[in-house]
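Each chain gets a letter, A, B and so on, in the order its sequence line appears, and its residues count up from 1. Below, all heavy atoms of this structure are taken into account, side chains as well, without hydrogens, waters or symmetry copies.
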Amino acid sequence: DAGVTQSPTHLIKTRGQQVTLRCSPKSGHDTVSWYQQALGQGPQFIFQYYEEEERQRGNFPDRFSGHQFPNYSSELNVNALLLGDSALYLCASSLGHGRAGNTQYFGPGTRLTVL
Amino acid sequence: AQSVTQPDIHITVSEGASLELRCNYSYGATPYLFWYVQSPGQGLQLLLKYFSGDTLVQGIKGFEAEFKRSQSSFNLRKPSVHWSDAAEYFCAVGPYTGGFKTIFGAGTRLFVKA
């Protein structure tokens, strides 16, 4: 049973560029959340997708956008990259949107470096 | 507002010694609490979770945590630390009804000395 997978593993971009990160949820899961983890900090919630719609959003600007596909996989897009966007981006999947206490399973992350 | 505090940025323990990592939360209702571990450059692995019932929760790798509502705490413990336990540990609360995000603490880095 495959867990959560993310691609690419590492990515280097320059300021102003755009980036797309990808996530495949754990088999049987229908909900995907994205987190940003800056160096030395805990993960910060970006947004969550369920039924191909964004259901909740954290305190991130509109430069951060996403998408969920019919097979439940998801993409995170970041436009107009800033140096401060350098971080580990984590994808987490779970089953059953809106259930309190759902356990999330995390992927290994994508390390984004903005130069 | 919901929040999670991990008071210790880093802790060093000797191999074989006991470990306790502290976690305090602020939450308006019954919390759903988690501990995750993260090895360098890796994603998060779930160690254990508390939803309800017995306040002492057993997890993987010999870890346990105790929920104390009166102290708003959910401390992680292990009776005997192994060198392979060196990692970053995150306490988290959520997701919760009406909101879907999980809130993480800033983490505690565990160093294990021989």
Hey, could you give me the OG1/CD distance between Thr102(B) and Gln48(A), rounded to the nearest 0.5 Å? 8.0 Å
What residue, out of Pro108(A), Cys91(A), Gly109(A), has the most heavy-atom pairs lying under 4.5 Å from chain B? Pro108(A)
State plainly whether one hydrophobic cluster holds both Leu76(B) and Val13(B), where clusters connect Ile, Leu, Val, Met, Phe, Trp and Tyr through side-chain heavy atoms under 4.5 angstrom apart. yes
Should we say atom CZ of Phe67(B) is surrounded by more than 12 heavy atoms from elsewhere, each under 6.0 Å from it? yes
Under 6.0 Å between ring centres, would you say that holds for Phe104(B) and Phe45(A)? no
Interatomic spacing from OG1 in Thr103(A) to OH in Tyr32(B) - rounded to 0.5 Å: 11.0 Å
Need one label for Gln37(A): side chain, backbone, both or neither, based on atoms under 4.5 Å from any heavy atom in chain B. side chain
Let's test your reading of the structure: which of Cys91(B), Ser52(B), Ala106(B) forms the most heavy-atom pairs below 4.5 Å with chain A? Ala106(B)
Could you tell me which portion of Leu44(B) (side chain, backbone, both or neither) has an atom closer than 4.5 angstrom to a non-hydrogen atom of chain A? both
More than 12 heavy atoms of other residues, nucleotides or ligands under 6.0 Å from CZ of Arg15(A): is that the case? no
Neighbour count >12 (heavy atoms, 6.0 Å) for atom CD1, Ile9(B): no
Is Ile46(A) linked to Val78(A) within one hydrophobic cluster, defined over Ile, Leu, Val, Met, Phe, Trp and Tyr using a side-chain heavy-atom separation of less than 4.5 Å? yes
Side chain, backbone, both or neither: which part of Tyr36(B) has a heavy atom under 4.5 Å from chain A? side chain
Run the numbers on Phe106(A) and Leu46(B) for side chain to side chain contact (heavy atoms under 4.5 Å, CB included), then give the verdict. CA-CA 8 Å; Phe106(A) 284 81; Leu46(B) 179 66; over 6 Å; no
Counting only heavy atoms not in Leu39(A), do more than 12 fall under 6.0 Å of its CG? no
Run the side chain to side chain contact (heavy atoms under 4.5 Å, CB included) test on Leu88(A) and Gln38(B) for me, step by step, so that the C-alpha distance in whole Å, both residues' side-chain angles and the decisive distance to 0.1 Å come before the verdict. CA-CA 12 Å; Leu88(A) 180 68; Gln38(B) 185 178 39; 3.6 Å; yes
Cluster question for you: counting only ILVMFWY and a side-chain heavy-atom cut-off of under 4.5 Å, with indirect links fine, are Ile103(B) and Leu48(B) together? yes
